[in-house]
Asker: 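For reference, the structure I am asking about is given below.
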Amino acid sequence: MKYLRPISLSVLLSILLLLVVPVSFAKNAIDSVRIWPSPGSTRIVFDLEDTPQYSYFTLSNPDRLVIDLADTKKNFDFAKLANKSPLVKKLRYSSAKDKNGIRVVIELNKKLDSNLFALPPTEPYRNRLVIDLDDKNAPASAPTVVKHNNTQQSRDIVIVIDAGHGGEDPGSIGRGGTFEKNITLNVAQRLAKLIDAEPGMKAVMTRSGDYYISPNKRPDIARKHKADLLISIHADAFTTPQPRGASVWVLSMRRANTELGRWMEKSERHSELLGGAAEVIQDTASERYLTQALLDMSMDHSLTTSYDLSRKVIGKLRGITRMHKKIPQAASLAVLTSPDIPSILVETGFISNPSEEKNLNWSKFRQQLATSIFSAVKTHFSESPPDDSLWAKQKRHTRTHKVRSGESLSLLAQRYNVNVGAIKAANNLRSDVVRIGQVLTIPRT
């Protein structure tokens with residue numbers, strides 16, 4: 001008969017502790033935290049090892065957002081977190097609801113609207129908890145008006161340029177690691193610079209840095225600035241490297257009709273589209289048809305203008321790159337849904353194609369993209385400037401003449417009752433020589 005060896009006191013105590021004190025280990029942990037400030041809002045992103053289980057509430061005096069993360073380790077040091085947001089004071093821990101979770105307090109500089117949601121892993125990110133903080137009272141700047149020596153005022157043509165993606169949303173990622181959000185911002189900045197250098201034009205960026213704006217909010221930015229045009233810049237991608245080429249997109253008629261219906265139901269927003277007309281149209285069943293007619297006309301003008309401009313952009317882009325689609329494409333895209341603002345989306349190329357990714361990272365090619373788009377925009381507004389714009393005023397005071405055999409500057413000056421110097425200045429001529437077939441701008445006195 002064998003005898004069992006006596007159990008030591010230390011082993012016995014360990015067994016008793018395991019039976020008496022339950023051992024638990026939190027399975028989730030915070031890998032990193034990023035703060036993305038933007039004008040009027042801030043996005044905070046928690047990168048986690050697993051899907052977050054969370055709840056939250058707000059407190060006042062002082063303003064705070066409190067987040068409880070269940071089954072999560074207290075492993076991240078918020079003191080080392082970089083924070084440049086004017087809306088967020090700091091992040092810190094507080095007493096958790098239970099020992100397996102953590103409580104995070106976001107101290108705010110003012111009362112803000114908050115929206116929290118989880119995102120699954122997508123390259124280059126892991127599981128995420130996203131916190132969007134919005135300041136509804138943030139001021140919105142107004143478009144510039146160009147003032148002249150006389151009593152009349154002629155405004156700038158306002159073009160809103162939307163750099164796709166940004167911040168937490170990198171967009172498509174090239175095989176070489178290029179982020180779409182960086183390409184779009186650089187091309188947009190170059191385009192804005194060209195527009196601002198043109199007298200009578202003004203550029204407004206939906207984002208001027210690396211931060212995220214919801215696609216649904218981008219048309220609202222254009223409306224706040226009373227834009228004449230919205231241009232959204234993107235880079236395409238596919239699951240294989242073969243597809244290549246640029247394309248231009250407009251809103252589909254089906255989505256346009258859906259958006260029109262949504263706007264019809266928002267009677268409080270009719271004035272945003274109809275201006276003074278909304279003040280005289282009463283919200284009654286007998287007059288709602290008039291509102292629908294005006295909204296329908298606005299959407300029709302927007303779609304027609306968008307399609308015409310997109311054809312001009314394609315024509316210019318064809319001179320510098322291959323086109324994936326040779327005619328404008330229609331799609332249901334949130335950024336194009338303004339019924340009152342002509343809007344186009346330009347896919348500058350396939351970032352998933354190694355050759356085009358290389359081109360998109362080339363400064364000269366980005367400048368060519370911006371110049372081509374600007375050239376198309378300039379041509380469009382030269383032909384059809386807004387009635388109250390400086391360009392419309394200048395167009396009313398100019399006319400053109402095609403030079404025929406035997407005509408000279410002095411003869412044309414006499415015929416149109418202007419001086420030779422004015423014709424030369426309007427056409428940037430350095431001599432009195434003109435050629436047959438040359439189209440001259442004849443200024444009005």
Side-chain angles (χ1 to χ4, degrees), residues 159-165 169 171-172 180 183-184 187-188 191 206 213-223 227-239 243-265 273 292-353 356 369 372-377 379-381 383-384:
I159 301 168
V160 170
I161 307 168
D162 172 50
H165 307 282
D169 175 16
S172 300
E180 180 185 357
I183 300 293
T184 62
V187 174
L191 178 56
T206 57
I213 301 173
S214 166
N216 293 313
K217 290 185 178 180
R218 299 178 192 234
D220 290 339
I221 294 173
R223 185 167 298 104
D228 299 288
L229 174 65
L230 169 63
I231 303 173
S232 188
I233 308 294
H234 285 256
D236 220 333
F238 197 64
T239 53
R244 60 185 302 177
S247 56
V248 184
W249 297 74
V250 296
L251 186 66
S252 69
M253 184 60 71
R254 186 173 186 178
R255 177 66 182 268
N257 289 333
T258 300
E259 290 299 318
L260 194 60
R262 289 176 63 243
W263 278 87
M264 274 299 299
E265 295 304 316
L273 302 178
Q292 171 138 15
L294 291 173
L295 289 175
D296 192 48
M297 289 170 61
S298 178
M299 177 66 89
D300 184 61
H301 172 265
S302 176
L303 292 176
T304 301
T305 303
S306 300
Y307 189 83
D308 177 67
L309 177 62
S310 63
R311 291 180 60 187
K312 288 182 172 66
V313 172
I314 288 172
K316 297 295 183 180
L317 289 176
R318 193 177 282 132
I320 64 163
T321 189
R322 177 183 297 186
M323 297 305 299
H324 182 64
K325 300 291 185 180
K326 296 182 179 180
I327 61 173
Q329 302 298 299
S332 177
L333 301 169
V335 76
L336 302 179
T337 53
S338 290
D340 54 332
I341 301 172
S343 308
I344 65 171
L345 185 147
V346 180
E347 295 280 7
T348 54
F350 277 81
I351 202 170
S352 53
N353 179 285
E356 293 204 335
L369 287 168
S372 297
I373 297 169
F374 171 70
S375 179
V377 170
T379 299
H380 168 76
F381 284 113
E383 296 172 355
S384 307

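Keep in mind the model is a prediction, meaning the values are calculated, not measured. Throughout, residue positions are numbered sequentially from 1 according to the sequence presented.
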Asker: Gly164 and Thr184: which non-hydrogen atoms are nearest, and at how many Å?
Answerer: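 Shortest heavy-atom separation between Gly164 and Thr184 comes out as O-OG1, 2.9 Å.
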Asker: Kindly determine whether Ile221 and Ile213 satisfy side-chain contact (heavy atoms from CB on, under 4.5 Å), including the steps that lead there.
Answerer: CA-CA 10 Å; Ile221 294 173; Ile213 301 173; 4.1 Å; yes
Asker: Mark yes or no for whether Ser306, through its side chain, and Ser343, through its backbone, hold a donor-acceptor pair below 3.5 Å.
Answerer: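 Yes: the side chain of Ser306 pairs with the backbone of Ser343.
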Asker: Which residues pass the side chain to side chain donor-acceptor pair (under 3.5 Å) test with Asp169, not counting sequence neighbours?
Answerer: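 Partners of Asp169 by the side chain to side chain donor-acceptor pair (under 3.5 Å) criterion, ordered by chain and then number, come out as His165.
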Asker: Can you name the nearest heavy-atom pair linking Ile351 to Ala235, along with the distance?
Answerer: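 Heavy atoms of Ile351 and Ala235 come nearest at CB-CB, 4.3 Å.
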Asker: As an exercise, state the distance from CG of Asp236 to CH2 of Trp249, rounded to the nearest 0.5 Å.
Answerer: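 Reported value, rounded in 0.5 Å steps: 7.5 Å.
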Asker: Hey, what do you get for OG (Ser232) to CD (Glu347), rounding to the nearest 0.5 Å?
Answerer: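 Those atoms lie 8.5 Å apart.
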Asker: Is there a salt bridge (charged side-chain N to carboxylate O under 4.0 Å, His left out) between Asp220 and Arg223? Walk through the geometry before answering.
Answerer: CA-CA 5 Å; Asp220 290 339; Arg223 185 167 298 104; 3.3 Å; yes
Asker: State, yes or no, whether a side-chain contact exists between Leu251 and Leu303 at a heavy-atom distance under 4.5 Å.
Answerer: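 With C-beta onward as the side chain, the pair touches.
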Asker: After noting the C-alpha distance and the side-chain angles of Gln329 and Ile327, does the key distance pass the side-chain contact (heavy atoms from CB on, under 4.5 Å) rule?
Answerer: CA-CA 6 Å; Gln329 302 298 299; Ile327 61 173; 3.6 Å; yes
Asker: By salt bridge (Lys or Arg N to Asp or Glu O under 4.0 Å), which residues pair with Lys316, not counting sequence neighbours?
Answerer: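 Salt bridge (Lys or Arg N to Asp or Glu O under 4.0 Å) list for Lys316, sorted by chain: empty.
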Asker: What heavy-atom pair brings Ala227 and Val160 nearest, and what distance separates the two atoms?
Answerer: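 Shortest heavy-atom separation between Ala227 and Val160 comes out as CB-CG2, 3.6 Å.
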Asker: Is the count of non-hydrogen atoms from other residues, nucleotides or ligands lying under 6.0 Å from Arg322 atom CZ greater than 12?
Answerer: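 No, not enclosed.
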Asker: Among Leu191, Leu230, Leu229, whose side chain to side chain contact (heavy atoms under 4.5 Å, CB included) with Ile159 holds?
Answerer: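 The option that passes is Leu229.
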Asker: Are any of the side-chain heavy atoms of Leu309 and Arg311 separated by less than 4.5 Å?
Answerer: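 In short, these two side chains do not touch, never coming nearer than 4.5 Å.
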Asker: Sub-3.5 Å donor-acceptor pair from the side chain of Arg244 to the main-chain atoms of Glu356, do we have one?
Answerer: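 Answer holds: no.
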Asker: Under 4.5 Å between any side-chain heavy atoms of Lys312 and Glu383, yes or no?
Answerer: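 Touching, per the 4.5 Å side-chain cut-off.
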Asker: Run Val313 and His380 through side-chain contact (heavy atoms from CB on, under 4.5 Å) and show every step you take.
Answerer: CA-CA 10 Å; Val313 172; His380 168 76; over 6 Å; no
Asker: Give a yes or no answer on whether the side chain of Glu180 reaches the backbone of His234 with a donor-acceptor pair at less than 3.5 Å.
Answerer: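 Here the side-chain-to-backbone pair does not exist.
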Asker: To the nearest 0.5 angstrom, please state how far the OG1 atom of Thr379 sits from the CG atom of Asp308.
Answerer: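 With rounding to 0.5 Å, OG1 (Thr379) is 10.5 Å from CG (Asp308).
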Asker: Between the main-chain N or O of Ile161 and the side-chain N or O of Arg218, is there a donor-acceptor pair closer than 3.5 Å?
Answerer: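 No, the answer is negative, given that no donor and acceptor are paired below the 3.5 Å cut-off.
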Asker: Distance from Phe238 atom CZ to Ser172 atom OG, nearest 0.5 Å?
Answerer: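 Answer for the CZ-OG pair, Phe238 versus Ser172, is 12.0 Å.
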Asker: Can you tell me how far the CG atom of Leu317 sits from the OG1 atom of Thr348, to the nearest 0.5 Å?
Answerer: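 If I round to the nearest 0.5 Å, the distance is 9.0 Å.
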Asker: Nearest 0.5 Å, what's the OG-CG distance between Ser310 and Leu345?
Answerer: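 Nearest 0.5 Å value for the OG-CG distance: 11.0 Å.
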Asker: Could you check whether any side-chain heavy atom of Ile233 comes within less than 4.5 Å of a side-chain heavy atom of Ile373, counting everything from C-beta outward?
Answerer: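 They are in side-chain contact.
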